[in-house]
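Notes follow the structure.
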Number of protein chains: 2
Amino acid sequence: MSRKPRLRSGSGVTMHDVGLAAGVSAITVSRALHSPERVTPALREKILQVVEQLGYVPNRSARQLASARSHTVLVLIPSLSNTVFIDALAGIESVLQPAGYQMLIGNTHYSDSEELALLRAYLQHSPDGLLVTGLQQAEAFSRILQERQLPAVYMMDLSDDGRPCVGLSQEAAGAAMTRHLLQRGRRRIAYLAAQLDERVVKRLQGYRQELTAAGCHDPALEWLNPAPSSMQLGADMLDQLLAAHPDCDAVFCCNDDLAIGAIARCQQRGIAVPGQLAIAGFNDLQAAAWTTPPLSTIATPRFAIGAAAARLLLQQLQGQQETGGSRCLDLGFQLQQRGST
Amino acid sequence: MSRKPRLRSGSGVTMHDVGLAAGVSAITVSRALHSPERVTPALREKILQVVEQLGYVPNRSARQLASARSHTVLVLIPSLSNTVFIDALAGIESVLQPAGYQMLIGNTHYSDSEELALLRAYLQHSPDGLLVTGLQQAEAFSRILQERQLPAVYMMDLSDDGRPCVGLSQEAAGAAMTRHLLQRGRRRIAYLAAQLDERVVKRLQGYRQELTAAGCHDPALEWLNPAPSSMQLGADMLDQLLAAHPDCDAVFCCNDDLAIGAIARCQQRGIAVPGQLAIAGFNDLQAAAWTTPPLSTIATPRFAIGAAAARLLLQQLQGQQETGGSRCLDLGFQLQQRGST
DNA sequence: GTGCCAGATGTTAGCGCTAACAAATCGGCG
DNA sequence: CGCCGATTTGTTAGCGCTAACATCTGGCAC
């Protein structure tokens, strides 16, 4: 009258089974797989053969439970529909995958509270570290990280408080594009923005600085819309802007989506670009090179940012707590001048 | 001389601790959290309070190990940089997240062998089910699914072999667009394709059928390039096509990326669209509405496909093995006629 | 031969949780 | 008043793996 055996997950072959078949104990199998240098080469070879033969698949939960390390990294991004973050994700994947780390993706929908909720939810997986977009999280967020001693690397921006980060100066990039427009002789330069996340605001600050320095800053030319960014919105905002300020001679859009909508609307309305109106975007999405005229924009190294951030995090996880040197990596940006300016 | 306590992962608060503080046993805490109906409301309330107070976070690995269920779904998509799959991903997320399921994302890079390798690697997480893009996997792939009795739902296409799937008839969609071009009076209709995955090939089949039926199929007008799809490639392929076949009067691109490149190149070369050449795309990406002229294309319900596939999988996981009725869901498509045709 | 050390392998226990069974509790009814 | 069944809670064991310690082996110095 023995009790029912439990349901086995996976293939049912355990490390113990492999050991049995290879004539060793389970722990030796574990070592053969995860710290090869602690097992005689011949024995290791034999064990690997048996693993192959039995189709053994290690159980990650058991490993995690026993070792208190999950080999998992939580990645928080504001949106799945914005290519910018997907590119960074690809960069992260390219580093974590080969290193044997699992990537958990959390979509915060640009919301601090959702971000916090996601962090709480994903703590159940006890990630070894975090990759976070941006620097401004809810207060409770940083508290949790601190309590649990969770290492984190921040992406897309540069911090001034010692937190490890990989990105670019959004402010400098905003300033660079504004300077470019000034150099092209524009004086009535508008700033069109949507979504209004921290990066968009920092670009705005760069824009303000340059215009103020040049003596032609006009707050009335700043059009900020908290709605999600889209090409439709770019077109609509352009219409509104021109209706209110027909003398405007350049539009700096906070991202390429808005800019593509704006440029298409100009095309529709017969507004000469850049003759009457220069248009600039931000991010250098693939489509930016294929508008009429092609869009001037700021190219950002998203893939590289993701990859570098992942590498930085892995360094921390592997205990290389290099104390010296700032751990802030500035990967810069590049002004792509095309036909629209 | 007691041994060192093991490193604790997470916060260190266990179910046992919660039970202790609430004056109940660990299993009661487990029940309060996961099967509320098995605990007196008052007690449950108290337990939840203690959970909150102690900041208890359940350990998913332990749960998984003990219950042989991972509450995890593996999602395999061919690419992260193609919006089509990201949209589906968003749909999947919208269903799995609220249901308490974790989504593991595997990027197959359009490769059968990588897909198989990913499946093998992710088996370590013992996913409860799979969401797979397309129907054509390596042979070993299906064998593994069968061996482990892993439920899977296939996305983006329709099967004819009884496998549960959610998508649309790629063939019918290809045919519909071709029919549309024929109705607009075109006779020399080219098919421009890249990446050449199974969906692209099926659209090609639909295209062939319609043209053959109309008596104007010319294999020389099929331009198939295995390289990854991009706007640049679309522009290049258009040039090559027109150099070889100046009499061509319509181009059906297998996706919007190619079409956007092609339409931009026409603009650059002064080729009248649709006057001299009609151009059509596939998928209805956001940018398709903002080219000059706006691109005619086939709108596909990607988000809905992802969501429906996830729901279908959850049904299977929750044991509702409804035997009756096909489990193939055709969510259709819509022809978006715009200025380019 | 003895002692010793380094390296290879094994033993034991326990990570945190839940399935299965066991016990306690309660209300209602003969 | 005691017995029944239903409901609520507890006990026990074990999921598969690995940290820590224990043991074994062989080689080498003296």
Side-chain angles (χ1 to χ4, degrees), chain A residues 1-20 22-47 51 54-71 123-126 128, chain B residues 1-20 22-47 51 54-71 100 123-126:
Chain A
M1 232 27 71
S2 72
R3 43 171 71 193
K4 254 186 259 179
R6 296 262 204 111
L7 213 74
R8 290 284 190 88
S9 73
S11 66
V13 181
T14 73
M15 222 170 227
H16 184 79
D17 299 334
V18 174
L20 225 57
V24 298
S25 70
I27 189 73
T28 307
V29 178
S30 169
R31 288 201 268 251
L33 292 175
H34 299 299
S35 26
E37 75 286 357
R38 303 186 25 73
V39 169
T40 328
L43 184 54
R44 174 171 138 77
E45 200 50 51
K46 178 171 182 193
I47 291 174
V51 162
L54 298 186
Y56 167 69
V57 173
N59 182 324
R60 219 164 155 122
S61 306
R63 177 158 143 84
Q64 186 166 334
L65 186 58
S67 71
R69 301 218 38 199
S70 62
H71 291 270
L123 278 184
Q124 295 191 8
H125 297 268
S126 34
D128 293 339
Chain B
M1 228 35 66
S2 72
R3 43 172 71 191
K4 252 184 261 180
R6 296 262 203 113
L7 213 72
R8 289 285 190 89
S9 75
S11 66
V13 181
T14 72
M15 222 170 227
H16 183 79
D17 300 335
V18 174
L20 225 57
V24 297
S25 69
I27 188 73
T28 308
V29 178
S30 169
R31 290 202 267 251
L33 293 176
H34 298 298
S35 26
E37 76 284 358
R38 306 191 13 81
V39 169
T40 329
L43 185 53
R44 174 173 137 79
E45 200 49 53
K46 180 170 182 193
I47 290 174
V51 162
L54 297 185
Y56 167 70
V57 173
N59 182 324
R60 221 164 155 121
S61 307
R63 177 157 143 84
Q64 185 167 334
L65 186 57
S67 69
R69 300 215 41 198
S70 63
H71 291 269
L123 278 184
Q124 297 191 8
H125 296 268
S126 35

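Being a predicted model, the structure only gives us computed values, none of them experimental. Proteins come first, then strands; the chains are lettered A, B, ... in the order of their sequence lines, and each starts at number 1.
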*Can you check whether B/H71's main-chain N or O pairs, donor with acceptor, with B/R60's side chain at less than 3.5 Å?*
yes
_Exam field: side chain A/T28 to backbone A/V24, donor-acceptor pair closer than 3.5 Å_ = no
In whole Å, what is the span from the [atom1] atom of [X] to the [atom2] atom of [N]?
{"X": "A/L20", "N": "D/dC17", "atom1": "CG", "atom2": "P", "result": "14 Å"}
{"X": "A/L65", "N": "D/dG14", "atom1": "CG", "atom2": "C1'", "result": "12 Å"}
{"X": "B/D17", "N": "C/dC15", "atom1": "CG", "atom2": "P", "result": "11 Å"}
{"X": "A/M15", "N": "C/dG10", "atom1": "CE", "atom2": "C1'", "result": "15 Å"}
{"X": "B/R69", "N": "C/dA19", "atom1": "CZ", "atom2": "C1'", "result": "14 Å"}
{"X": "A/E37", "N": "C/dA6", "atom1": "CD", "atom2": "C1'", "result": "15 Å"}
{"X": "A/H16", "N": "D/dT18", "atom1": "NE2", "atom2": "C1'", "result": "15 Å"}
{"X": "B/H71", "N": "C/dC17", "atom1": "NE2", "atom2": "P", "result": "14 Å"}

*Rounded to the nearest 0.5 Å, how far does CG of A/N59 lie from OG of B/S61?*
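Nearest 0.5 Å value for the OG-CG distance: 9.0 Å.
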*Roughly how far, to the nearest 0.5 Å, is the OG atom of A/S25 from the CG atom of A/L20?*
10.5 Å
_Under the criterion side chain to side chain contact (heavy atoms under 4.5 Å, CB included), I'd like the reasoning laid out for B/Q64 against B/S126: C-alpha separation, chi angles, the key distance, then a yes or no._
CA-CA 9 Å; B/Q64 185 167 334; B/S126 35; 3.4 Å; yes
*Between protein and nucleotides 23-28 of chain C, map the contacts as a letter string: B base, S sugar-phosphate only, - none, heavy atoms under 4.0 Å, written 5' to 3'.*
------
*Which is it for A/Y56 and A/L33 under the side chain to side chain contact (heavy atoms under 4.5 Å, CB included) test, yes or no, and what are the steps along the way?*
CA-CA 11 Å; A/Y56 167 69; A/L33 292 175; 3.8 Å; yes
*How do B/V29 and A/A62 order along DNA chain C: which one's closest nucleotide is nearer the 5' end?*
A/A62
*Between the two ends of the helix from C/dG1-D/dC30 to C/dG30-D/dC1, what is the bend in degrees, rounded to 10 degrees, where each end axis spans five pairs?*
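Here the helix ends are tilted 60° relative to one another.
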Pick out the pairs of N or O atoms, protein on one side and nucleotides 22-27 of chain D on the other, that lie under 3.5 Å.
none

Below 3.5 Å is the cut-off: list the nitrogen or oxygen pairs between protein and nucleotides 9-11 of chain D, distance only.
unit_1: D/dT9; atom_1: OP1; unit_2: B/T40; atom_2: OG1; d: 2.9
unit_1: D/dT9; atom_1: OP2; unit_2: B/T40; atom_2: N; d: 3.1
unit_1: D/dT9; atom_1: OP2; unit_2: B/T40; atom_2: OG1; d: 3.2
unit_1: D/dG10; atom_1: OP2; unit_2: B/S25; atom_2: N; d: 3.1
unit_1: D/dG10; atom_1: OP2; unit_2: B/S25; atom_2: OG; d: 3.1
unit_1: D/dG10; atom_1: OP2; unit_2: B/T28; atom_2: OG1; d: 2.5
unit_1: D/dG10; atom_1: N7; unit_2: B/R31; atom_2: NH2; d: 2.9
unit_1: D/dG10; atom_1: O6; unit_2: B/R31; atom_2: NH2; d: 3.4

Table of protein N/O atoms under 3.5 Å from nucleotides 4-7 of chain D N/O atoms:
none

*For A/D17 and A/G12, work out which heavy atoms get closest and say how close.*
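It is OD2-O, 3.5 Å.
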_Heavy-atom pair of closest approach, residues A/I47 and A/A22_ = CG1-CB, 4.3 Å
*Sorted by first residue and then second, give each side chain to side chain donor-acceptor pair (under 3.5 Å) pair with at least one member in residues 30-46 of chain B; sequence neighbours left out.*
none
*asked:* Counting only side-chain nitrogens and oxygens, does A/H34 get under 4.0 Å of the OP1 or OP2 atom of D/dT18?
replied: yes
